[in-house]
2 protein chains.
Amino acid sequence: MLMDTLTRDRDMDIALSNEAPHSSVVPSGEGRFVDDYLLYLMARASHAVSAEFHTTLRRAGVQVPVWRVLASLSGSTTGETVTGLAEACLLQQPTMTKLLDRMVRDGLVKRMPDARDRRVVRIAMTPRGEATVRELLVSAKAHEAELLSRFPDIGAHRLKELLRSMAARPARGRRREAA
Amino acid sequence: MLMDTLTRDRDMDIALSNEAPHSSVVPSGEGRFVDDYLLYLMARASHAVSAEFHTTLRRAGVQVPVWRVLASLSGSTTGETVTGLAEACLLQQPTMTKLLDRMVRDGLVKRMPDARDRRVVRIAMTPRGEATVRELLVSAKAHEAELLSRFPDIGAHRLKELLRSMAARPARGRRREAA
DNA sequence: TCATGACACATGAATCTTCATGAGCTAACT
DNA sequence: AGTTAGCTCATGAAGATTCATGTGTCATGA
C-alpha cells in the first residue's frame, strides 16, 4: 500500500544521477512472472503515482498517513470514527489510534464523543488541520489532473468506476472451521 | 448500470454513520474528496485485490513481503541484487537487507557473491524457497484468472499496459523501455 | 598510484506498525 | 433484569521499517 505506503525519491531536487547503471530489475531475457501479474502491476502503478505526490507531501512536512487521514476527513462535518478512518486509510485500527495520538499532539485533529454511542470516538479536524489539508487538496487535484492528462485516451470516469468495483469486496468471509 | 449511485457501494461496511438519516439522497457531486481521487482509488483497489490473495498467503504461513521477494526471484537463474529486489518489491534497501536476513534464516534464500562485482550480493532461492514459491504461483495465477473473470468487459492486456505505463516514472528517474 | 566520487550492502537508533488483548458500551434474547 | 455476544477504541510488547550512516568496492582521471 500498500498500499501502499511508501516514499521513494531520494532524488527529488538534485537527482537524475542514476541512468540505470545496473539492471535495476530485469534479469534475463524471459519476462518475470511479476511483470505480467495484475496484482503486482496495480501495486506498482499505485506506488509510482503516489510517490509523485509524496514529494509534495515531503516538502510540506506532512507524512503520508497523516495526509490520508486529513484527506479522508475533508468534507466531513460530523467527524469520522477511528475504525472508519482506519478502513479508509487502509490501516489497522490500533495503527490508526496511535497515528491519531500523534495528530492530536500536533494539533491537526481532535477527539470528540459521539452523541449516540459512547463507544465511538469521533475525529474532527482542528482549524490547523483544515488549513493544512486545504493547501494539499489543491496540489492533489492539480497532480491528478496532470496525471490524467498523460493518458488522454483513457476515460477517467470509466477507469475510476473499474477501480471502485475492484475495491468492493466480493466475499468478506470469516469462515469458521466447520469441519 | 447503476453507476453513480453505485459510487457508494464501496462504502465498505463501515458506515460513516454521519450519513444523516434524513438526507437519504446525497447529491452525487458531494461525496468525500477521496472517493473520486484517482490515487486513492488505485491504492484502495490494489489493497483490496491483494488482500484477497493475502488470505492464501496466511494459510501458507508466508508473509506478504516474503512472497513478493520469492515471486520476484522466480524465474531468475542468476539471482537478483538486494537493491534490485528492493526496487521490485517497493521497499527501501535497508528494509530488504533485513527481510533477506530473515529469509536466509528461514532457509528460503541464500546470499551469493557476484562474479564480476564484489560489492554486489546475489540473492537466489534455496530448494525450499523454490518449493514454496511454486505452490504459491499456482494459487496466484488462479486468483488472477478468477479476478479477471469478474470483469469480463475489460481487456486484461490493455489494463496491464496502462498500469505498466503508469508505473514508468515520468520525470526524473528515466528508465529504459523493455520489450 | 592515488584521489575522488559513485555505488552496493549492512547496521543501529528511532519510529512506526501489528498482534493479542483489555476495558467499556450496546443490543438482543431469555 | 441478567446474560451473552459483538462492537469500539486503547494499550503494551514484539516486530518491521526507515533514516542516517558506515564499510568496502569500483571507475575515472590527475
Side-chain angles (χ1 to χ4, degrees), chain A residues 1-12 14-25 47 51 54 58 61 63-69 79-87 89-106 109-123 174 176, chain B residues 12-18 47 51 54 58 61 63-69 79-87 89-106 109 111-123:
Chain A
M1 211 211 318
L2 135 234
M3 249 171 285
D4 351 339
T5 327
L6 311 150
T7 323
R8 193 125 298 243
D9 294 66
R10 356 192 35 76
D11 46 6
M12 296 188 299
I14 339 117
L16 70 115
S17 36
N18 55 357
E19 278 303 304
H22 262 262
S23 61
S24 54
V25 167
H47 180 85
H54 294 351
R58 272 197 162 247
Q63 289 184 330
V64 175
V66 169
W67 151 246
R68 291 195 179 139
V69 170
E80 300 283 343
T81 70
V82 174
T83 303
L85 280 174
E87 163 76 10
C89 297
L90 313 176
L91 297 172
Q92 306 291 107
Q93 174 266 312
T95 307
M96 183 53 68
T97 290
K98 287 161 191 178
L99 173 56
L100 291 172
D101 288 344
R102 282 172 254 145
M103 291 179 70
V104 168
R105 182 200 63 198
D106 297 344
V109 298
K110 59 190 168 192
R111 287 183 163 95
M112 314 185 69
D114 182 87
R116 314 193 176 288
D117 189 336
R118 282 190 302 189
R119 293 171 299 183
V120 170
V121 171
R122 297 224 154 254
I123 307 297
R174 310 179 34 105
R176 320 261 321 192
Chain B
M12 21 198 163
D13 21 46
I14 281 308
L16 344 295
S17 41
N18 64 356
H47 182 86
H54 294 350
R58 270 196 162 252
Q63 289 185 330
V64 175
V66 169
W67 151 247
R68 290 196 180 137
V69 170
E80 298 284 341
T81 70
V82 174
T83 303
L85 281 174
E87 159 79 8
C89 297
L90 313 176
L91 297 173
Q92 304 293 104
Q93 174 265 312
T95 308
M96 183 53 67
T97 289
K98 287 161 190 176
L99 173 56
L100 291 172
D101 288 346
R102 281 172 258 147
M103 292 180 69
V104 168
R105 181 200 64 197
D106 297 343
V109 299
R111 287 183 162 95
M112 312 184 70
D114 183 87
R116 315 191 177 292
D117 188 335
R118 280 190 304 188
R119 293 172 299 183
V120 171
V121 172
R122 297 230 152 248
I123 307 297

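We name chains A, B, ... by the order of the sequence lines, and we start the count at 1 in each one. For the numbers below, each heavy atom of this structure counts, side chains included, while hydrogens, waters and symmetry mates do not.
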Whole-Å distance between C:dC9 C1' and B:Met112 CE? 17 Å

Measure the distance from CH2 on A:Trp67 to P on C:dC16 and round it to the nearest whole Å. 20 Å

Would you compute the distance between atom NE2 of A:His54 and atom CD of A:Gln63 and round it to the nearest 0.5 angstrom? 11.5 Å

Within this structure, what is the CG-to-C1' distance between A:Leu100 and C:dC16, rounded to whole angstrom? 14 Å

Within this structure, what is the CD-to-C1' distance between B:Glu87 and C:dC9, rounded to whole angstrom? 16 Å

Where along nucleotides 18-28 of chain C does protein come under 4.0 Å, by heavy atom, of base (B) or sugar-phosphate alone (S), with - for untouched nucleotides? BBB---BBS--

Looking just at side-chain N and O atoms, do B:Glu87 and B:Thr83 make a donor-acceptor pair shorter than 3.5 Å? no

When the distance from CG of B:Asp114 to P of C:dC7 is rounded to whole Å, what number comes out? 17 Å

Please round to the nearest 0.5 Å and tell me the distance separating atom CD of B:Gln92 and atom NZ of B:Lys98. 11.5 Å

Provide, to the nearest angstrom, the distance between the CZ atom belonging to B:Arg111 and the C1' atom belonging to C:dA10. 8 Å

So, is A:Gln63 near the phosphate of D:dT18, with a side-chain N or O under 4.0 Å from OP1 or OP2? no

What I'd like to find out is whether the side chain of A:Lys110 reaches to under 4.5 Å of the side chain of A:Val104, using heavy atoms alone. no

Interatomic distance where CG belongs to A:Asp101 and P belongs to D:dT11 [whole Å]: 7 Å

Check whether any side-chain nitrogen or oxygen of B:Thr81 sits under 4.0 Å from OP1 or OP2 of C:dA8, and answer yes or no. no

According to a strict under-4.0 Å criterion, is B:Thr97 in side-chain N/O contact with OP1 or OP2 of C:dA10? yes

Could you check how far CG of A:Leu99 sits from P of D:dA10, rounded to whole Å? 12 Å

In the structure I gave you, are the side-chain heavy atoms of B:Leu85 and B:Val82 within less than 4.5 Å of one another anywhere? no

Enter the distance from B:Met96:CE to B:Thr81:OG1 here, rounded to the nearest 0.5 Å. 9.5 Å

Distance, nearest 0.5 Å, that separates CG of B:Leu99 from CD1 of B:Ile123: 10.0 Å

